[in-house]
*Asks:* 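Have a look at this one before I ask anything.
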Amino acid sequence: MSEIPKAYEPQAVESKWYQYWLEQKCFAADPARVSAKRPAYSIVIPPPNVTGMLHMGHVLNNTIQDILARKARMDGKEVLWLPGTDHAGIATQAVVEKTLIKQGQIRHRDDLGRDKFLEKVWEWKAKHGDIIIEQLKKLGASCDWGRERFTMDPEYSKCVQRVFVDLYRKGLIYRGKRMVNWDPSARTALSDEEVEMIETKGHLWHFKYPLLDDQDRPRTDAFVVVATTRPETMLGDEAVAVNPRDERYTHLVGRRILLPLQNKPIPLIADDLVDPTFGTGCVKVTPAHDPADYEMAVRHKLPFTVVIGPDGRMTPEAGAAFATLTRDQARKAVVAAMEQAGLLLKIEDYVHNVGHSQRSHVPIEPYLSEQWFLRYPSQAAARACVADGTMQFFPDRWAKVFDHWMGNLRDWCISRQLWWGHRVPVWTRRVPTTDTTMRMRRDRARVCATLVELARNGGAASEECPLFEDSWSGVEDHRTFWRVRGESGTDTEWEAATFSELEARALEAEGWVQDPDVLDTWFSSWLWPFATMGWPERTPALEAFYPTTDLVTGPDIIFFWVARMIMAGYEYMGDLPFRNVYFTGIIRDKQGRKMSKSLGNSPDPLALIARYGADALRFGTMRSAPLGQDVLFDEKDVELGRNFCNKLWNACRFRQMQGGAIEDEIDPALLTSDDKWILRRLDRAIREIDDAFAGYRFNEATATLYRFFWSEYCDWYVEASKAALQSGRSDNPSDPPGARAPDPDAAAAARRRANTLAVIDFVLSHTLRLFHPFLPFITEELWHGMNYHADLPIDQGGHTIMDARWPKPLDPAFCEHYGLDETAEQVASAKYELVGVGRNFRREFNLASNRKLQFVLKPAGDLPPAEVEVIRLLLNAETIEVHRAYTPPKGTPMAANALGELYLPLAGLIDSAAERARLEKELEKARLEVGKVAAKLGNPQFTQRVPPAVLEEHTKRLADWQAKEKQILTSLNNLPE
RNA sequence: GCGCGCUUAGCUCAGUGGAAGAGCACUUCCUUCACACGGAAGGGGUCGCAGGUUCAAGUCCUGCAGCGCGCACCA
């Protein structure tokens, strides 16, 4: 570092050290190293979508994880940060299909067929799947890349199938015809969590439905009026419902109504679901297109007429006039037709919430279809662990949200009508009902199921039917289960669930056909904390690193992912998957809007890294991200980070320029008040940072680092230390010629200088370590550049700052030895206070910053010349004359405190009117404060009840302000005229 | 409708019962041999509103208002 540049240039430094860390395998976790003395620390990454590009949310999230991981390493832990990606079923399939269409290769994925299309997706994954991983590396992420996992890896896929079959066997996974959330754009079912309610301005259309008379003839004089927000669904109406206690309509219940446009008689039914106070109290019932209506239809055994198809277009059932129209077109057409028929009573403006697909943002269509559902396992354990504090959430208010959701669990629709994903491991076949093979298979499965239950409840499993391959995982050895799906005529339709490749092939040879659906991506990522570590084997990694320590994720996936992982963890590991969950805020733009591609308000983190450096991006982001609050991102924050790195760089450069070897022996006898002051500030900073880490308050840690390093170390200590550094220089230009000869004064100055360098080295080497989790690259560069790694054991920083030991607060013995008491700190503080006022004179009297001034100091007590020299330097004064019996000329500006009185004699130069104004302002302030404190102390309630420390502090404060007031009055009296 | 956040300097936000803070922006001065990605000094706040608890409230409690976010089958 002999010729270090004036400004820090991050690019080369960052790539160099990342390469070094990889080559030296610094990120690799070894379960064998875990011991009582070296505890494990683990995080699994929230797997980003394999289609994804790094965005600011990833930056926030992964910077936090990296900070935690690096801090844990410095704490001497064996750290596993396990990376990977998920396959993101809908998003990836959509991107690939869109790309192929854009390239003109296909018009629809059907043109290729399932197998060929999947080949294309894999090709695409091979080409683009690593992008986000490489981007994470640019950020400095210290993941154990050798353990990178992908949710579609063969082993991982096997875990997904295994879990599916297990839950199927337990009866928790079932297939059923249900009303599901259908995304007509992606053409797949979604889970409830994937539906976003959006407040939408719409209308409430009021339709008249004619009553039928006894001969089923429509009456022209009697109608029921229904209101709807979705006129197009009326084509599928099967009833009109009223509340059974609604006396306006009880006489009509059981009568028939003519459904207009379809000219179909439908009944008027009574159901408790109907709110008699809303609208007319009559509700049209569309069994196949509304979840509430569906329930009513089941109760009243109504038919299910499907008028909207899976593509969001009207079906032939909707009638010739409407078939093939889109939902929107059909809405207009129905309204027009009703109006023409004179059955449109009125249209009201209406604001209501409409479910939209979180994926494609189109309105969700409630759709009746066959899907796979899961009744969640291990609900009680999952709910309890958060409620009783076994697992902690940061901030903990999310615990309440979690608990509410856990208390209202509804079965999870896990099947998706996609090709990209884990295909449902179920095969079906129709066989003659008389076929005995299937009966035998089923009976065997039943026996096993019973024994599984027995074993789970503490009973013994028989030896003929060893159920558990591994009792730890709780998944039984039997890989195939059969169930009757349905019977028709002489045939029985069977289904078989298996995770055995061999079984599956055997079944297919027998003519069994696999279910076409794939599983929700979250059905694979809920296994992430253990499926990535070799489950169901009892691997060393699982033994060492499960449960993981911390999870860092966004609150937007608390249900999608966090809650489900907890349930899966209990079900398959018998233990929680992580001990702490840190929920980040959401990154927004300056206007507070969410970052989104369509708004184009999402900055590219890679561009920011190129411009400012990864450390700058990390520091800026962390500094502006308080725990659990959303972050309004501003590029200024990154600029601040860069400036900070530059400051750090130059502070080290300054030390380099002082020359000399690393000084590690500090002589207590030679410590100045400034030395003691900065050492105590360092101690305080370490304590604050430790405290911040304990509460996951990273922004607080960065604030402390910033204040300590910039305001305390650079602004005060470094400037003050220049006194000792300059006077002790062997090449001091002010030395008289011939000063080479042994000179006791010069030797003493040189010793003081060396001691100052030792303090600087002590502080800087601590500072670099405190900064390392936040600024990994620049700290590593400086660690080596400053030679602080020399002489350290290889596993304690000799090799990399990553392994350097985390600084400890200074222990009492150390403080005692070096005399770091409060008095020492107070001397320095008083010095800086005096300097502050002295500097203010320049502004008050319009004296240019570079103008050489001569001050006079009238010390209150004993003030060594070295201290005076520090004050001179800090004031940028030409001279300070120490004068114990000084009588200032009238009107000389003066500042005073415990240290003494500082005068700026400027005969004839100062504007006494301005000085009077200044002093009067000061006086006003002092009197105000005296008044405030005196009032408090005058209150007996206060003096009697307050803790002694507070009382003492107030008493002192009063004395201070009174002294100040007196001094200002003196100065005022001294003014000319 | 229920629940949860937020409201402090022009802007973005810290502030965990005992003298209102930071960064940016602004004003003035300074290229003094670490740093102009810098240094020095300064201006700027009845802490959303109204009550209450307390010797003491930005901080705790109760209302209210505005903004934001969850959850919820009112067509």
Side-chain angles (χ1 to χ4, degrees), chain A residues 4 6-8 179 197 204 226-230 233 241 273-275 277-280 282-286 290-296 350 352-353 366 395 397-398 400-401 404-405 408 555-556 558-559 586 588 590 592 612 616 620 623-624 626 628-634 636-637 639-658 695 697 699-700 703 706-707 711 714-715 718-719 722 726 733 836 839-844 846-852 874-876 929 932-933 936 939-947 949-951 953-954 957 961:
Chain A
I4 49 176
K6 268 176 85 167
Y8 174 54
M179 188 68 75
M197 299 306 267
L204 205 50
V226 295
T228 181
T229 55
R230 303 194 57 200
T233 62
L273 207 62
V274 181
D275 176 1
T277 64
F278 187 88
T280 58
C282 295
V283 189
K284 62 190 271 306
V285 180
T286 319
D290 183 279
D293 292 3
Y294 173 81
E295 283 174 35
M296 277 197 271
Y350 192 65
H352 61 143
N353 292 316
R397 63 188 147 88
W398 294 110
K400 213 170 183 176
V401 177
H404 181 256
W405 188 77
N408 295 277
D556 48 334
I558 186 167
F559 310 138
I586 294 166
R588 300 172 180 280
K590 268 196 275 186
Y612 299 104
R623 197 180 158 281
S624 56
Q629 297 295 339
D630 288 356
V631 183
L632 268 64
F633 178 81
D634 188 338
K636 286 275 182 200
D637 294 330
E639 203 179 310
L640 176 109
R642 178 202 55 182
N643 295 352
F644 190 79
C645 290
N646 191 54
K647 190 74 176 176
L648 184 60
W649 181 259
N650 274 290
C652 289
R653 185 164 163 256
F654 172 74
R655 165 63 186 92
Q656 283 297 88
M657 291 168 78
Q658 300 307 314
R697 296 185 302 270
N699 71 315
E700 208 173 286
Y706 192 98
R707 186 207 67 222
S711 307
C714 291
D715 288 350
V718 170
E719 294 307 319
K722 284 177 181 172
Q726 282 173 8
R839 283 169 170 175
N840 179 242
F841 289 157
R842 288 186 186 271
R843 180 188 173 82
E844 291 296 333
N846 273 324
L847 304 165
S849 295
N850 59 347
R851 178 168 171 164
K852 291 295 175 190
L874 292 174
L875 279 171
N876 192 26
E929 292 297 332
K932 270 173 25 182
V933 185
K936 274 190 169 183
N939 180 354
Q941 293 279 11
F942 177 81
T943 48
Q944 281 161 28
R945 297 206 186 194
V946 92
V950 175
L951 183 64
E953 188 269 330
H954 275 75
R957 200 195 304 167
W961 280 114

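The chains referred to below are lettered A, B, ... by the order of the sequence lines, with proteins before strands, and numbering in each begins at 1.
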*Asks:* Rounded to whole Å, how long is the line connecting atom CH2 of A/W405 with atom C1' of B/C4?
*Replies:*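 My rounded result for the distance is 18 Å.
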*Asks:* Quantified in whole Å, what is the C1' atom distance between nucleotide B/C71 and nucleotide B/G45?
*Replies:* 38 Å
*Asks:* Between atom CG in A/N850 and atom C1' in B/U28, what is the gap in whole Å?
*Replies:* 14 Å
*Asks:* In this structure, how many angstroms lie between the C1' atom of B/A56 and the NZ atom of A/K932, rounded?
*Replies:* 13 Å
*Asks:* With both distances under 3.5 Å as the test, what is the Watson-Crick or G-U wobble partner of B/G68?
*Replies:*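 Across all strands, the one nucleotide that pairs with B/G68 is B/C4.
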*Asks:* Looking only at side-chain N and O atoms, does A/Y350 come under 4.0 Å of OP1 or OP2 in B/C74?
*Replies:* no
*Asks:* Roughly, in whole Å, what's the span from CG in A/D556 to C1' in B/C69?
*Replies:* 11 Å
*Asks:* If you check the A/A651 side chain, which of B/A41, B/G18, B/A34 turns out closest?
*Replies:* B/A34
*Asks:* B/A75 C1' sits how many Å from A/R230 CZ, rounded?
*Replies:* 12 Å
*Asks:* Where the side chain of A/R623 is defined as all heavy atoms beyond and including C-beta, which of B/C35, B/G23, B/G39 is the nearest nucleotide?
*Replies:* B/G23
*Asks:* Do the side-chain N or O atoms of A/N643 get closer than 4.0 angstrom to the phosphate oxygens (OP1, OP2) of B/G38?
*Replies:* yes
*Asks:* Quick check on B/U32: is either OP1 or OP2 less than 4.0 Å from any side-chain nitrogen or oxygen of A/K852?
*Replies:* no
*Asks:* For a quick check of understanding: with a heavy-atom distance under 4.0 Å over all strands, which category does A/V718 fall into, base, sugar-phosphate or nothing?
*Replies:*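 Base, at least one base heavy atom under 4.0 Å.
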*Asks:* Among the candidates B/C30, B/C73, B/A34, find the nucleotide nearest to the side-chain atoms of A/A292.
*Replies:*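 The answer is B/C73, which lies nearest to the side chain.
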*Asks:* What's the gap between B/G68 and B/U27 when it is taken at their C1' atoms, as a whole Å value?
*Replies:*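 Per the computed distance, 36 Å lies between those C1' atoms.
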*Asks:* Please assess A/K936 against A/T943 for the test side-chain hydrogen bond (donor to acceptor under 3.5 Å, both in side chains), listing each intermediate value before the final yes or no.
*Replies:* CA-CA 8 Å; A/K936 274 190 169 183; A/T943 48; over 6 Å; no
*Asks:* Any non-hydrogen side-chain atom of A/D634 less than 4.5 Å from a side-chain atom of A/E639?
*Replies:* no
*Asks:* Is a donor from one side chain sitting under 3.5 angstrom from an acceptor on the other, for A/R843 and A/N840?
*Replies:* no
*Asks:* In whole angstrom, give me the gap between the C1' atoms of B/C11 and B/G17.
*Replies:* 30 Å
*Asks:* Please give the distance between the P atoms of B/A57 and B/C74 as a whole number of Å.
*Replies:* 46 Å
*Asks:* Whole angstroms only, please: what is the CG-P distance between A/L204 and B/A75?
*Replies:* 8 Å
*Asks:* Is it possible for you to check whether A/K722 lies under 6.0 Å from the centre of the six-membered ring of A/F654, through NZ or CZ, and within 45° of that ring's axis?
*Replies:* yes
*Asks:* For atom C1', what is the distance between B/A56 and B/A19, given to the nearest Å?
*Replies:* 12 Å
*Asks:* Starting at CZ of A/F841 and ending at C1' of B/U28, how long is that distance when rounded to a whole Å?
*Replies:* 18 Å
*Asks:* Is any side-chain N or O of A/K6 closer than 4.0 Å to OP1 or OP2 of B/C35?
*Replies:*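 So the side-chain polar atoms of A/K6 do come within 4.0 Å of the phosphate oxygens OP1 or OP2 of B/C35, strictly under.
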*Asks:* With nearest nucleotide decided by heavy atoms, which residue, A/R839 or A/T228, maps closer to the 5′ end of RNA chain B?
*Replies:* A/R839
*Asks:* According to a strict under-4.0 Å criterion, is A/K722 in side-chain N/O contact with OP1 or OP2 of B/C33?
*Replies:*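 False: A/K722 side-chain N/O out of range (4.0 Å or more) of B/C33 OP1/OP2.
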*Asks:* Would you give the length of the straight line joining atom CZ of A/R230 to atom CG of A/D290, rounded to the nearest 0.5 angstrom?
*Replies:*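 Going from CZ on A/R230 over to CG on A/D290, the span is 8.0 Å.
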*Asks:* Taking only the side-chain heavy atoms of A/H404 (C-beta and beyond), determine which of B/A75, B/A34, B/C71 contains the nearest atom.
*Replies:*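 The nucleotide sitting nearest to the side chain is B/C71.
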*Asks:* What I want to check is whether an N or O donor and acceptor connect the side chain of A/R653 with the base of B/A34 at under 3.5 Å.
*Replies:*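 Check fails, no donor-acceptor contact within cut-off.
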*Asks:* Kindly point out which of B/A14, B/C71, B/C37 is positioned nearest to the side chain of A/R642?
*Replies:* B/C37
*Asks:* Taking only the side-chain heavy atoms of A/R697 (C-beta and beyond), determine which of B/G23, B/G18, B/U16 contains the nearest atom.
*Replies:*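 For the A/R697 side chain, the nearest candidate turns out to be B/U16.
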*Asks:* What nucleotide among B/G70, B/A19, B/A75 has an atom nearest to a side-chain atom of A/E953?
*Replies:*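 The answer is B/A19.
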*Asks:* Quantified in whole Å, what is the P atom distance between nucleotide B/C26 and nucleotide B/C61?
*Replies:*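 These two P atoms come out 40 Å apart once rounded.
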*Asks:* So what does A/N840 touch, heavy atoms closer than 4.0 Å: a base, only the sugar-phosphate, or nothing?
*Replies:* sugar-phosphate
*Asks:* Just how far, in rounded Å, is C1' of B/C71 from CZ of A/R397?
*Replies:*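 A/R397 atom CZ is separated from B/C71 atom C1' by 15 Å.
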*Asks:* Kindly indicate whether the side chain of A/E700 and the base of B/A22 share any N or O donor-acceptor pair separated by less than 3.5 Å?
*Replies:* no
*Asks:* Could you check which of B/C4, B/C73, B/C35 has an atom nearest any side-chain atom of A/K400?
*Replies:*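 It is B/C4.
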*Asks:* Between A/N650 and A/Y8, is any pair of side-chain heavy atoms under 4.5 Å apart?
*Replies:* no
*Asks:* When the nearest nucleotide of RNA chain B is assigned to A/C714 and to A/R842 on a heavy-atom basis, which residue is associated with the more 5' position?
*Replies:*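 Between the two, 5'-proximity favours A/C714.
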*Asks:* Can you tell me if A/D637 uses its side chain to pair, donor with acceptor, with the backbone of A/G620 under 3.5 Å?
*Replies:* no
*Asks:* What nucleotide, of B/C24, B/A75, B/A19, holds the atom closest to the side chain of A/K636?
*Replies:*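 Nearest listed nucleotide: B/C24.
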*Asks:* Determine: side-chain N/O of A/R957 to OP1/OP2 of B/A19, distance under 4.0 Å, yes or no.
*Replies:*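 For B/A19, OP1/OP2 do have a side-chain N/O of A/R957 under 4.0 Å.
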*Asks:* Counting only side-chain N and O atoms of A/N846, is one of them less than 4.0 Å from OP1 or OP2 of B/C29?
*Replies:*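 It does not, given that no N or O in the side chain of A/N846 lies less than 4.0 Å from OP1 or OP2 of B/C29.
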*Asks:* Under the side-chain contact (heavy atoms from CB on, under 4.5 Å) rule, what do A/V226 and A/V283 come out as? Steps first, then yes or no, please.
*Replies:* CA-CA 6 Å; A/V226 295; A/V283 189; over 6 Å; no
*Asks:* Is there a Watson-Crick or G-U wobble partner for B/U31 with both distances under 3.5 Å, and which nucleotide is it?
*Replies:* none
*Asks:* Compare the minimum distances between each of B/C37, B/C71, B/A19 and the side chain of A/W961, then state the nucleotide with the smallest one.
*Replies:* B/A19
